[in-house]
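See structure below.
We name chains A, B, ... by the order of the sequence lines, and we start the count at 1 in each one.
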Amino acid sequence: MDAIMLQEKLVERLLCPRVRTARRKEKQYVGFATLPNQVHRKSVKKGFDFTLMVAGESGMGKSTLVNSLFLTDLYKDRKLLNSEERINQTVEIIKHTVDIEEKGVKLKLTIVDTPGFGDAVNNNECWKPITDYIDQQFEQYFRDESGLNRKNIQDNRVHCCLYFIPPFGHGLRPVDVEFMKALHEKVNVVPLIAKADCLTPNEIKKLKDRVREEIERFGIKVYQFPECDSDEDEEFKQLDKELKECCPLAVIGSNTVVETRGQRVRGRLYPWGIVEVENQSHCDFVKLRNMLIRSHMHDLKDVTCDVHYENYRAQCIQDMTSKLTQDNRMESPIPILPLSTPDVETDRLIKMKDEELARMQEMLNKMQQQIHDGKDQ
Amino acid sequence: MNKRSGLGKSTLMNTLFKSKVSRKSVQATSQEKIPKTIDIKSVSHDIEEKGVRMKLTVIDTPGFGDQINNENCWQPIMKFINAQYEQYLQEEININRKKRIPDSRVHCCIYFIPPTGHCLRPLDVEFMRRLSKVVNIVPVIAKADTLTLEERDFFKQKIREELQANGIDVYPQKEFDDDAEDRMINDKIREMIPFAVVGSDQEYQVNGRRLLGRKTKWGTIEVENIAHCEFAYLRDLLIRTHMENIKDITSSIHYEVYRVRRLNENNTAVAHANGLPQHHMTSHEM
């Protein structure tokens, strides 16, 4: 009896009031309506992780934006190179990891930085180290997933790549197009217009239109926001529509807090006015933050796992099996696979059977020929 | 004018000369495509002020620095500048030369640096290093309305350091100061370059006056207000105070260097033909 009572108590605790009243009305009540809450508890205990990549030329405000998004200072000890050092710089991949917590929910955030991208005089294939890195993470996950001990797989796959387009141009440059095309099938690419405070509202609109048109023209598959469920409320649908129309988002970041209209906000102080990062009429920062963190983080992870990673995996397996049919031996880095390495004995047997088959085929051909000749006569 | 598309070159030219002297007025911006090779586009205008006439030629270089591989993108520009010198030289050494030789030499090259706030990029260094030897370079920080005053000062300081470290002599060059008075004036300028500029060809009503500016949601940037940006200093330098000096340095120094080199080359060729020993001369990088 006690056990049942404890069970009941647990169910009570897990149920939210809404369901509880419904329960009183229903006669047949099983109780699995608590599943979402169970999942919630477990997830919160386990914590979440998210890997965000930022790419773009230096001086686009990437670090500032990341600091503004997550309200931390990830780049305290960063040393900026001067122009002489930059002449010989190659593209690097640098990871910063930080654990942040909010209302009991833990997030392990990894920012993947790409200093040196697009900075050289000759930027041919400067995206290669980046695509290599993304592939390496997929490969690592593939190995872990195929391994024997799968208890604690670390997911280092890149969930989203924010690409910073300079606001100084009239649209996409060749390097922007090439980069996004190299990455759009490996990672969720979210293009942003950087340092948007140097553009008037009119200029922003023109630039966005231009970029959208060029993205379509060049066939770049940027991250698409999923369609709203039909049962969402009108306000949410409206927000979603606005978000889609605003892409690419024009953002501003700030490491400093300024005083304006009696409030202390993140912003930039100019002689002619104050730009507020979180003011929706100044820039799309709030939209980006909401999209990235508050509404679409999970979808970004899902698309990475279900689409990009699966594509990689399918491609990988296909490459391996085609290699297998080419040479009769098996050489694979993956420990466990459906086919096992054939040993000498099996090889011999296979050979014998092959020869037998060949002989039988010959006999059959002879017989057919005889019948054929017999018919003619 | 030199820089990647979209740094406001055309707008700045229009603002400087308070008239539509640049390509932009002819072609709608939305049609601008990034050209595959670097174009050199030259447009001439005759403008007048208080009875003084001036023929202004603006040479634009769309496509510079826009490609993925920008190696040697400065070559077409250097070629163009040297071609103008060559043209002048040919006319000068002509037996029957014109009284007033038509002067198409490039007097000044405005180099637009993008407002990253960090430092010069390798492309900027490479370009300016080569071109400062053949033409007067005036570097400016383009679209400076994206830098706060602190960031601007830091950026300028960094750029000045790097120009010096790389041996790049921008206008006004220290070695060409005529006398102490010149030096004093030019030193002040050298402490301020590169000028952080904002250009605009639109007027807005500010405090009862109509001013050239850029209107944003958080305020209006007044182009000619020195508290906002340094456009006025640039204009004064280029037009009101140093224009004659710029032309002078071009003709008496840069052009002369070119002339000497060319004449020496001729000498060498002649000496070669006659089997005589030739001078060793230093050649400029191309």
Among the listed options A/Val175, A/Val275, A/Asn202, the residue most often paired with chain B at heavy-atom distances under 4.5 Å
A/Val275
Counting heavy-atom pairs under 4.5 Å with chain B, which one of A/Gly273, A/Pro271, A/Ser281 comes out on top?
A/Pro271
Within a 6.0 Å radius of atom [atom1] on [X], are there more than 12 heavy atoms belonging to other residues, nucleotides or ligands?
X: B/Leu149; atom1: CG; value: yes
X: B/Arg210; atom1: CZ; value: yes
X: A/Lys287; atom1: NZ; value: yes
X: A/Lys128; atom1: NZ; value: no

Where [X] and [Y] come nearest, the two heavy atoms and their spacing:
X: A/Val121; Y: B/Glu126; answer: CG2-CG, 4.2 Å
X: B/His118; Y: A/Ser58; answer: ND1-CB, 4.2 Å
X: A/Pro174; Y: B/Gln67; answer: CG-OE1, 4.1 Å

Please identify each residue that fulfils salt bridge (Lys or Arg N to Asp or Glu O under 4.0 Å) with B/Arg190, with sequence neighbours left out.
B/Asp177, B/Asp187
Contacts of A/Asp209 that satisfy salt bridge (Lys or Arg N to Asp or Glu O under 4.0 Å) - sequence neighbours left out:
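Applying salt bridge (Lys or Arg N to Asp or Glu O under 4.0 Å) to A/Asp209 gives A/Lys205, A/Arg212.
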Please classify the contact between B/Glu151 and chain A as side chain, backbone, both or neither, with a heavy-atom cut-off of under 4.5 Å.
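Looking at B/Glu151, just its side chain touches chain A.
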Measuring heavy-atom distances to chain A, does B/Thr148 have an atom under 4.5 Å in its side chain, in its backbone, in both, or in neither?
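For B/Thr148, backbone and side chain are both near chain A.
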Could you measure the distance from the CD atom of B/Gln202 to the OG1 atom of A/Thr200? Nearest 0.5 Å is fine.
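OG1 of A/Thr200 is found 7.5 Å from CD of B/Gln202.
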Just wondering, do A/Ile274 and B/Trp218 contact through their side chains at under 4.5 Å, heavy atoms?
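No, their side chains stay 4.5 Å or more apart.
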Which one wins on heavy-atom pair count under 4.5 Å against chain A: B/Glu222, B/Glu150, B/His228, B/Glu161?
B/His228
Which residue out of B/Leu147, B/Asp145, B/Thr216, B/Thr220 racks up the most heavy-atom pairs below 4.5 Å with chain A?
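So the answer, after comparing B/Leu147, B/Asp145, B/Thr216, B/Thr220, is B/Asp145.
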Donor-acceptor check, side chain of [X] to backbone of [Y], threshold 3.5 angstrom: yes or no?
X: A/Lys195; Y: B/Pro115; result: yes
X: B/Arg214; Y: A/Cys198; result: yes
X: A/Arg268; Y: B/Thr146; result: yes
X: A/Tyr270; Y: B/Gly219; result: no

If you apply the rule side chain to side chain contact (heavy atoms under 4.5 Å, CB included), what do you find for A/Trp127 with B/Ile68, and how did you get there?
CA-CA 11 Å; A/Trp127 48 85; B/Ile68 296 180; 4.0 Å; yes
Under 4.5 Å from any heavy atom of chain B - which part of A/Glu276:
neither
With a 4.5 angstrom heavy-atom cut-off, which part of A/Asp197 approaches chain B: side chain, backbone, both or neither?
both
